[in-house]
Amino acid sequence: MLAANLTVETLAAKVDVDPKTVDRWISNEDRRPHRATRHKLTELLGVREADLWPALAGDSRPAPVESELVHLYPSRSAITGANWEALLHGVREQMDVLVFSGAFLVEQYNLVPLIRQKVAEGVRFRLLVGDETSPAVIQRALDENTPGGLEGRIQLMRRYLSDVVDLDGVEVRTHGTILYNSIYRFDDELLVNGHAHGALAGQSPVLHLKRIPSGQMWQHYMRSFERVWSVGVPETS
């Protein structure tokens, strides 16, 4: 349900049942909907019946393999505000960001006050934003057909972050690398926003990954973050 951006109430409405019925399905694995309702549910959630009710498949089914991929969003704009809020407010140890601008985090989700609150709770922040004078940023703005626009958004973001850059636990650096992916890390959760030539970041797909012991993708993208971090230029107030 979370991956499909559905609440108990919206799911109940779509399959024409009472929300309390959906709550019972969730809390009691022995409670199963009628066959017609199960078919509606699997179509809505994009899963098989046996994924939700393993008993329907019998005991011979092999144990599921844990996957790093939580969800694939068709675009960054498809991630709901509730999803962003849950990730931002759920951070307990470390938040890392690699972007050119990322100003939407401040303007839509109040990132600066959140940083102040979370730092007081012991959370550490590493924030990598673009250098608006770098050739990579200027070329990206031209590719997006917004010359000057991206540079202005970066300047705005740097101004926002100047209010928290001196806080213990907050590090801000600028970079001029080619931005193949924007990266947003929330402890063991990772959003990777790929970039397509000529498209805005908000129009491009996003991988939602979680860190697992046997996983490779989470580590792959975080190694990329570390490489950019190593060449970033520290910001000061």
Side-chain angles (χ1 to χ4, degrees), residues 68-70 76 79 84 87-107 109 111-112 114-141 143 150-151 153-196 201-202 204-213 215-237:
E68 290 178 89
L69 182 62
V70 178
R76 196 189 73 197
I79 306 176
W84 281 109
L87 290 167
L88 286 162
H89 289 275
V91 172
R92 294 292 178 267
E93 297 179 1
Q94 182 81 36
M95 179 173 169
D96 296 329
V97 174
L98 168 61
V99 290
F100 270 159
S101 168
F104 75 96
L105 290 172
V106 174
E107 297 169 341
Y109 302 108
L111 180 63
V112 170
L114 181 67
I115 288 175
R116 294 185 184 279
Q117 172 194 329
K118 290 292 184 179
V119 163
E121 298 170 2
V123 178
R124 300 187 63 83
F125 292 83
R126 293 188 300 172
L127 308 169
L128 271 165
V129 298
D131 173 356
E132 69 274 12
T133 66
S134 68
V137 167
I138 294 169
Q139 185 60 51
R140 174 67 179 274
D143 293 342
L150 177 59
E151 295 92 323
R153 298 286 290 170
I154 292 172
Q155 288 178 313
L156 185 65
M157 186 60 165
R158 291 176 69 177
R159 172 61 185 86
Y160 281 132
L161 295 180
S162 68
D163 289 342
V164 292
V165 71
D166 288 334
L167 294 179
D168 288 339
V170 178
E171 293 181 84
V172 181
R173 296 184 183 182
T174 59
H175 71 98
T177 65
I178 297 172
L179 193 66
Y180 298 102
N181 303 277
S182 295
I183 294 175
Y184 309 87
R185 175 198 174 182
F186 312 90
D187 294 333
D188 289 339
E189 305 281 329
L190 195 67
L191 297 180
V192 181
N193 185 185
H195 297 297
S204 294
V206 176
L207 293 170
H208 182 176
L209 305 174
K210 65 177 178 180
R211 188 179 192 177
I212 61 174
Q216 299 180 26
M217 291 191 292
W218 197 97
Q219 295 290 354
H220 175 73
Y221 285 110
M222 282 308 300
R223 282 195 296 269
S224 172
F225 176 92
E226 297 295 347
R227 283 193 289 269
V228 181
W229 183 256
S230 69
V231 299
V233 179
E235 288 275 79
T236 64
S237 59

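The structure displayed is predicted, hence computed values, not measured ones.
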| Does Arg116 use its side chain to pair, donor to acceptor, with the backbone of Lys118 at less than 3.5 Å? | no
| request: State the CG-CZ distance between Leu190 and Phe225, to the nearest 0.5 angstrom. | output: 10.0 Å
| task | Report the distance from atom CG of Leu105 to atom CG of Leu88, rounding to the nearest 0.5 Å. | result | 6.5 Å
| query | When you look at Arg158 and Asp131, which way does the side chain to side chain contact (heavy atoms under 4.5 Å, CB included) test go after all the steps? | reply | CA-CA 9 Å; Arg158 291 176 69 177; Asp131 173 356; 4.3 Å; yes
| message | Could you go through Tyr184 and Arg76, starting from their C-alpha distance and side-chain angles, then the distance that decides it, and tell me whether this counts as side chain to side chain contact (heavy atoms under 4.5 Å, CB included)? | response | CA-CA 12 Å; Tyr184 309 87; Arg76 196 189 73 197; 4.0 Å; yes
| message | Which heavy atom of Gly194 sits nearest to which heavy atom of Ser204, and what is that distance? | response | O-CB, 2.9 Å
| query | What's the spacing between Leu179 CG and Leu150 CG if we round to 0.5 Å? | reply | 9.5 Å
| said: Is a donor from one side chain sitting under 3.5 angstrom from an acceptor on the other, for Arg227 and Ser224? | reply: no
| task | Examine distances only and state if a side-chain atom of Glu68 and a backbone atom of Trp218 form a donor-acceptor pair shorter than 3.5 Å. | result | yes
| message | Does Gln216, at its CD atom, have more than 12 non-hydrogen atoms belonging to other residues, nucleotides or ligands within less than 6.0 Å? | response | no
| Should the pair Trp84 and Phe104 be assigned to parallel (<30°), tilted (30 to 60°) or perpendicular (>60°) ring geometry? | perpendicular
| task | Could you tell me which non-hydrogen atom of Val70 sits nearest to which non-hydrogen atom of Leu209, and how far apart they are? | result | CG2-C, 4.2 Å
| Which pair of non-hydrogen atoms, one from Ala136 and one from Thr177, has the smallest distance, and what is that distance? | CB-O, 3.6 Å
| Heavy-atom side-chain proximity of Arg173 to Arg126 below 4.5 angstrom | no
| message | Please check this pair: side chain of His175 against backbone of Ser230, looking for a donor-acceptor N/O pair closer than 3.5 Å. | response | no
| query | Does any N or O in the side chain of His195 come within less than 3.5 Å of the main-chain N or O of Ser182, such that one atom is a donor and the other an acceptor? | reply | yes
| request: Supply the atom-to-atom distance Arg185 CZ to Leu87 CG, rounded to the nearest 0.5 angstrom. | output: 13.0 Å
| Can you tell me how far CD of Gln94 sits from CZ of Phe125, rounded to the nearest 0.5 angstrom? | 9.0 Å
| Of the non-hydrogen atoms in Met157 and Ala103, which two are nearest, and what is the gap between them? | SD-CA, 3.7 Å
| Can Met95 and Leu114 be said to form a side chain to side chain contact (heavy atoms under 4.5 Å, CB included), step by step? | CA-CA 11 Å; Met95 179 173 169; Leu114 181 67; 5.7 Å; no
| query | How long is the gap from CD on Glu151 to CD1 on Ile138, to the nearest 0.5 Å? | reply | 6.0 Å
| request: Mark yes or no for whether Asp187, through its side chain, and Arg92, through its backbone, hold a donor-acceptor pair below 3.5 Å. | output: yes
| Other residues, nucleotides, ligands: >12 heavy atoms within 6.0 Å of Leu69 CG | yes
| said: Does any part of the side chain of Glu235, heavy atoms only, come nearer than 4.5 Å to the side chain of Leu161, both counted from C-beta? | reply: no
| task | Please name the residue in the list Leu98, Asn181, Leu207, Val206 that meets the side-chain contact (heavy atoms from CB on, under 4.5 Å) test with Asn193. | result | Val206
| task | Could you tell me whether the side chain of Asp96 reaches within less than 4.5 Å of the side chain of Ile183, counting heavy atoms only? | result | no
| task | List the steps, then state whether side chain to side chain contact (heavy atoms under 4.5 Å, CB included) holds for His208 with Ile79. | result | CA-CA 10 Å; His208 182 176; Ile79 306 176; over 6 Å; no
